[in-house]
Amino acid sequence: MKQFSFGKTQGGEPVTAYCIENTNGAQAVILNYGATLQSLKVPNRAGGFTDVVLGYDTIAEYEAGDGYLGATIGRFGNRIAKGSFELNGKRYALAVNNGPNHLHGGAKGFDKYVWGAKVQANTLVLSRLSPDGEEGYPGNLQVSVEYTLENDNSLRIVYRAVCDADTVVNLTNHSYFNLNGGGTVLGHTLTLMADQFSENDENTLPTGRMLSVEGTPFDFRTEKPIGQQIHAPDTQLTRCSGYDHNFVIRGEGPRFFALLASEQSGICMETLTCRPAVQLYTANFLTPRTGKGGIAMQQQDAVCLETQGFPNAPCIPGFPSAVLAAGEEYHSETVYRFKTI
Ligand code: GAL
């Protein structure tokens, strides 16, 4: 695995980029900063390669950036109401960093730390200890994220964690996929095997109510362009400026749940996970900015498929539990597999 320097953080910590290449010449570049997927070059129909994730060229941009581009999110992905939850009869106060709520682990989430790194053949293992009380969470959490680029052009991400006290955990990756390497994704088609999604309040926080996709713009059970109904006069869409919702993935174990495709590049991405849900996010908050190689990026230039437990689960008794008991192993896997069409 090739390694190169990616500069230093403002605090002077050296950042390393790891490049995993498979037998087809596909390449994934991962930073130890934020355990971030910085670049992912996969074969396109024209016989070349397309970098299918948005990102930046410099560490300074990742440190200043607000969009979590390609980052590992923790300790808890997405929102927790008012940054407050109760566990074993005790109330915990977390950072409130998104309007009235807690988002993506707090003011300094896992995405803003330099992780330890270990190369194991074709796998990069990144790890860190999130100390007791970090951002308000209970328990010392030892966490690792493994990235492997398989020879069938699958990027496999494995998450493991163990804590010395009961805590809540919800780890995900926040890659912004664009199968054309740039420009709008409203023409990408999506199949999403989900018949229910979480209703959001005006701050994109799940209220606890589950809605059926049937007859709504949220029905992707049959392939359709992402942009086909994104501007429909549906309160759930207008209040989030697009899709930014938790969809339920039925079943258990590693299973297929979505197919994203671009006719333009001829690339499609199959996704598999063992998590109970996925956040479909159409980069609604991606304010105009410049990315890798000078590429212009703006709202709806990417789609995120953040595999996850239900956002706000620590506050909604009816949601699948997000509790990781002391000593128990948290283990989950997500696969993004690329093919040409
Ligand atoms: C998503 C979240 C969005 C937004 C985004 C980061 O996971 O659902 O509401 O916060 O991350 O900009």
Side-chain angles (χ1 to χ4, degrees), residues 34-37 53-56 61-83 94-112 135 157 159 169-178 185 190 192 194 197-207 218 226 230 235-249 258 260 271 273 275-289 291 297-316 319 322 334 336:
T36 299
L37 179 65
V53 293
L54 302 186
Y56 301 112
E61 290 165 293
Y62 280 101
E63 283 189 278
D66 61 351
Y68 307 88
L69 274 66
T72 294
I73 305 295
R75 189 177 296 199
F76 201 94
N78 218 283
R79 292 174 178 80
I80 296 178
K82 301 193 166 66
L94 308 173
V96 169
N97 61 323
N98 185 254
N101 303 313
H102 176 84
L103 175 70
H104 291 332
K108 187 172 179 183
F110 290 6
D111 57 294
K112 293 279 190 279
E135 297 290 332
I157 310 179
Y159 304 87
V169 181
N170 188 22
L171 303 173
T172 191
N173 176 276
H174 209 304
S175 283
Y176 284 67
F177 293 103
N178 183 316
V185 296
L190 178 69
L192 181 55
F197 67 104
S198 300
E199 176 189 66
N200 283 345
D201 74 3
E202 58 289 346
N203 293 307
T204 325
L205 175 80
T207 60
F218 292 81
I226 291 176
I230 199 169
T235 323
Q236 282 300 309
L237 282 173
T238 51
R239 64 164 52 145
C240 302
S241 312
Y243 296 99
D244 191 358
H245 294 79
N246 175 59
F247 285 75
V248 182
I249 308 171
L260 181 70
T271 55
T273 191
R275 298 297 279 148
V278 62
Q279 188 80 8
L280 171 65
Y281 173 57
T282 45
N284 313 325
F285 298 119
L286 192 69
T287 46
R289 62 190 76 185
M297 307 189 281
Q298 59 172 354
Q299 208 184 30
Q300 276 133 31
D301 277 3
V303 54
C304 302
L305 289 163
E306 305 155 59
T307 55
Q308 61 186 3
F310 287 31
N312 204 20
C315 300
I316 310 264
F319 278 2
T334 292
Y336 299 105

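Every number for a ligand or one of its atoms is a count from 1 in the order of the listing.
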**Euclidean distance, L192 CG relative to L260 CG, rounded to 0.5 Å** = 10.5 Å
**Asked** Where's the contact between L103 and ligand 1, heavy-atom distance under 4.0 Å: side chain, backbone, both or neither?
**Response** side chain
**Item:** Salt-bridge present (R239, D244; N to O < 4.0 Å)
**Value:** no
**Separation between CZ of F247 and OG of S198, rounded to the nearest 0.5 Å** = 9.5 Å
**Asked** Do N98 and ligand 1 have an N or O pair less than 3.5 Å apart?
**Response** no
**Message:** side chain to side chain contact (heavy atoms under 4.5 Å, CB included) for V96 and K82? Distances and angles first, verdict last.
**Reply:** CA-CA 7 Å; V96 169; K82 301 193 166 66; 5.7 Å; no
**Request:** Could you verify whether a donor N or O on one side chain and an acceptor N or O on the other, from R275 and N170, lie under 3.5 Å apart?
**Result:** yes
**Item:** Sub-4.0 Å atoms of ligand 1 with respect to non-hydrogen atoms of E306
**Value:** 1 (C), 7 (O)
**Complete:** If we number the atoms of ligand 1 from 1 as shown, the ones under 4.0 Å from a heavy atom of Q279 are 8 (O)
**Asked** Got the closest protein heavy atom to atom 4 (C) of ligand 1, with its distance?
**Response** F285 CD1, 3.7 Å
**Request:** Could you tell me whether some N/O pair between T204 and ligand 1 is separated by less than 3.5 angstrom?
**Result:** no
**Prompt:** When you check the side-chain N and O atoms of N200 and Q236, is any donor under 3.5 Å from an acceptor?
**Reply:** no
**Protein contact to atom 12 (O) of ligand 1 [nearest heavy atom, distance to 0.1 Å]** = Y281 OH, 3.6 Å
**Item:** Distance, nearest 0.5 Å, that separates CG of L37 from OG1 of T72
**Value:** 9.0 Å
**Item:** Where ligand 1 meets H174 - atom numbers and elements under 4.0 angstrom, heavy-atom basis
**Value:** 1 (C), 5 (C), 6 (C), 7 (O), 11 (O)
**Item:** Short side-chain donor-acceptor distance under 3.5 Å, S241 and N284
**Value:** no
**Asked** ligand 1 and Y68, any nitrogen or oxygen pair closer than 3.5 angstrom?
**Response** no
**Prompt:** Are any of the N/O atoms in D244 less than 3.5 Å from those in ligand 1?
**Reply:** yes
**Best match, H245, Q308, R79: closest heavy atom to atom 10 (O) of ligand 1** = R79
